[in-house]
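Inspection log for the structure reproduced underneath, given as structure tokens.
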2 protein chains.
Amino acid sequence: MPPKQNNAAKHAIYDQIRSEIITGKKNPGERLSIDTLKNEFGTSVTPVRDALQMLSQEDLVTIKPRSGYYVTLVSLKELNDMLELREILELAAVERAAEKITDEQIEELKAVHAGFTNDNDETYSRYTQENIIFHYLVAKASGNDSLALHVRRLHDRLARFMIIIRSGSFMTDVHNRLIDRLIARDPAGAKRTLKKEMDEARTAIMDRIMREEAGSWHLGAGNAT
Amino acid sequence: MPPKQNNAAKHAIYDQIRSEIITGKKNPGERLSIDTLKNEFGTSVTPVRDALQMLSQEDLVTIKPRSGYYVTLVSLKELNDMLELREILELAAVERAAEKITDEQIEELKAVHAGFTNDNDETYSRYTQENIIFHYLVAKASGNDSLALHVRRLHDRLARFMIIIRSGSFMTDVHNRLIDRLIARDPAGAKRTLKKEMDEARTAIMDRIMREEAGSWHLGAGNAT
DNA sequence: ATTTAAAAATTGATATATCAATTTGCAATG
DNA sequence: CATTGCAAATTGATATATCAATTTTTAAAT
């Protein structure tokens with residue numbers, strides 16, 4: 001997380017839009033109108049533009065100059081590339097994490113995991129957020145903050161598609177097993193467990209999307225121009 | 001490279017400041033005054049703020065709200081983390097690149113390499129830029145654009161420190177050897193060659209900096225507050 | 001001389017106004 | 001009926017003005 005900035009308006013707008021994109025409340029291709037947003041938040045255009053500008057730098061928003069701001073459309077290839085990159089980053093991270101994770105970090109991980117194991121009544125958006133945090137904490141335990149940050153940002157962009165994988169117990173089981181391997185300080189085992197999870201997620205996502213969106217060029221609901 | 005945006009003012013400012021930070025013309029900690037920049041470019045504050053906002057999202061600029069914009073200060077740990085991350089990303093990239101690089105891509109690589117082998121009269125800033133392009137092209141040959149983009153962005157942030165490694169022939173030799181291994185479609189050899197380069201760069205950078213900046217908390221010249 | 005407090009100045013954040021490009025809709029034409 | 005060209009409307013980019021925070025200066029007190 002970047003250093004806390006007491007920059008009220010801009011960050012409130014940024015956080016909300018970001019969260020709405022990540023959790024899929026705003027669909028790819030959907031327009032983000034400055035005018036609408038500024039009314040919604042009761043501000044002027046400046047903080048809205050700032051927020052959208054920031055999001056575009058994270059590839060969550062695409063700017064068509066003098067035309068509009070849109071939730072970024074992801075192509076099939078881009079999605080596949082991101083999933084591959086995810087494996088590279090997270091495998092490197094767990095390997096290191098399993099060697100140097102502290103007991104406190106394990107407790108933190110357990111706490112987060114318990115948090116989204118229990119309450120099934122919660123919305124998927126909450127689940128999505130906590131899944132990101134779980135994987136971020138694992139990456140953080142690698143000791144490499146830069147690596148961890150990249151993992152988190154990538155997860156942000158992938159989150160919309162991860163919803164496909166929300167098959168209840170599967171993820172819970174895998175996360176439990178991963179925690180076990182981390183407690184055992186077993187790099188190879190942790191790597192194997194995580195790789196299995198990521199591979200299954202990847203094929204599930206790609207299969208599902210190839211079937212559902214066979215005709216369209218870009219992913220997501222909107223199908224906007 | 002993000003899709004071309006015909007957004008004149010903002011992008012001109014963004015490109016120039018970015019380049020000045022990367023090549024070390026602007027030192028870490030140095031202030032980037034909106035007022036100065038707007039006069040320099042003959043624009044109003046809006047495009048300047050946009051550009052700085054974007055740069056802060058890439059961690060090249062740090063915002064102190066209601067106070068000022070500064071070239072980001074990098075701690076020793078952050079530098080070390082980034083160098084480690086670089087190895088993770090680039091090793092994964094060459095491995096794939098050596099398997100699937102096309103003849104055209106090899107020619108492109110040779111061309112860029114020749115470009116900064118010959119003219120020694122050029123400034124280091126030119127050298128820095130071309131080194132980034134070389135490594136970016138290798139990553140691009142992996143076929144994973146997302147991975148390649150991350151490599152490029154990381155190099156942007158590392159470039160300032162790479163200048164330490166500009167020991168003439170060393171880099172030229174290694175790059176030649178790397179091209180050889182790519183032509184031979186030898187993943188293991190390419191990986192070994194690149195790892196050697198990166199390891200040497202890393203220790204050289206860290207050693208030099210630990211000696212030079214022993215006292216100060218942050219890296220770079222400025223030592224600004 | 002050093003520290004503290006208050007005030008002045010600097011600077012960025014936010015708001016509003018104007019400008020320029022793009023997009024949309026309608027009408028004319030083949 | 002489809003297509004092209006023009007005009008109107010929408011929308012973002014840029015410019016300017018105002019506001020609020022921070023930083024610096026200065027002067028007083030210890």
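In this text, all values refer to a predicted model and were calculated from it rather than measured experimentally. Chain letters run A, B, ... following the sequence lines, proteins first, then strands; residues in each count from 1. Side chains are part of it too, since the values below use all heavy atoms of this structure and drop only hydrogens, waters and symmetry mates.
- With distances taken from any side-chain atom of A:Arg66 to the nucleotides C:dA20, C:dT23, C:dT14, the minimum falls on C:dA20.
- The distance between atom CD1 of B:Ile63 and atom C1' of C:dG12, rounded to the nearest whole Å, is 10 Å.
- By the 4.5 Å heavy-atom criterion applied to side chains, B:Tyr69 and B:Leu55 are not counted as neighbours.
- Atom CD1 of B:Ile34 and atom P of C:dT14 are 11 Å apart (whole Å).
- Across every non-hydrogen atom of A:Leu194 and A:Glu90, the tightest pair is CD2-O, 3.7 Å.
- Side chain of A:Ser67, nearest nucleotide from D:dT22, C:dT22, D:dT14: C:dT22.
- Contact annotation: B:Tyr70 does not reach the phosphate of C:dG12 (side-chain N/O to OP1 or OP2, under 4.0 Å).
- Distance, B:Leu32 CG to C:dT10 P: 20 Å, rounded to whole Å.
- Taking atom NZ on B:Lys64 and atom C1' on D:dT24, their separation rounds to 13 Å, with Å as the unit.
- For A:Lys25, the NZ atom sits in a loose shell: 12 or fewer heavy atoms of surrounding residues, nucleotides or ligands are nearer than 6.0 Å.
- Using a 4.0 Å cut-off between charged nitrogen and carboxylate oxygen, B:Asp156 and B:Arg152 count as a salt-bridge pair.
- Heavy atoms only, all atoms of each residue included: A:Val45 and A:Lys38 are closest at CG1-CD, 3.9 Å.
- Near DNA chain D, defined here as any heavy-atom distance below 4.0 Å, the residues from residues 35-53 of chain B are B:Thr43, B:Ser44, B:Val45, B:Thr46, B:Pro47, listed numerically.
- Across the protein-nucleic acid pair, B:Tyr69 atom OH and D:dA21 atom C1' stand 14 Å apart, rounded to whole Å.
- Under a 4.0 Å N-O distance rule, the pair A:Asp81/A:Lys77 qualifies as a salt bridge.
- Atoms CE (B:Met54) and C1' (D:dA13) sit 14 Å apart, rounded to a whole Å.
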After noting the C-alpha distance and the side-chain angles of A:Thr72 and A:Arg157, does the key distance pass the side chain to side chain contact (heavy atoms under 4.5 Å, CB included) rule?
CA-CA 10 Å; A:Thr72 297; A:Arg157 294 170 57 201; over 6 Å; no
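- Between B:His11 atom NE2 and D:dA13 atom P the separation is 10 Å, expressed in whole Å.
- Atom C1' of nucleotide D:dA15 and atom CD1 of B:Ile13 are separated by 13 Å, given to the nearest angstrom.
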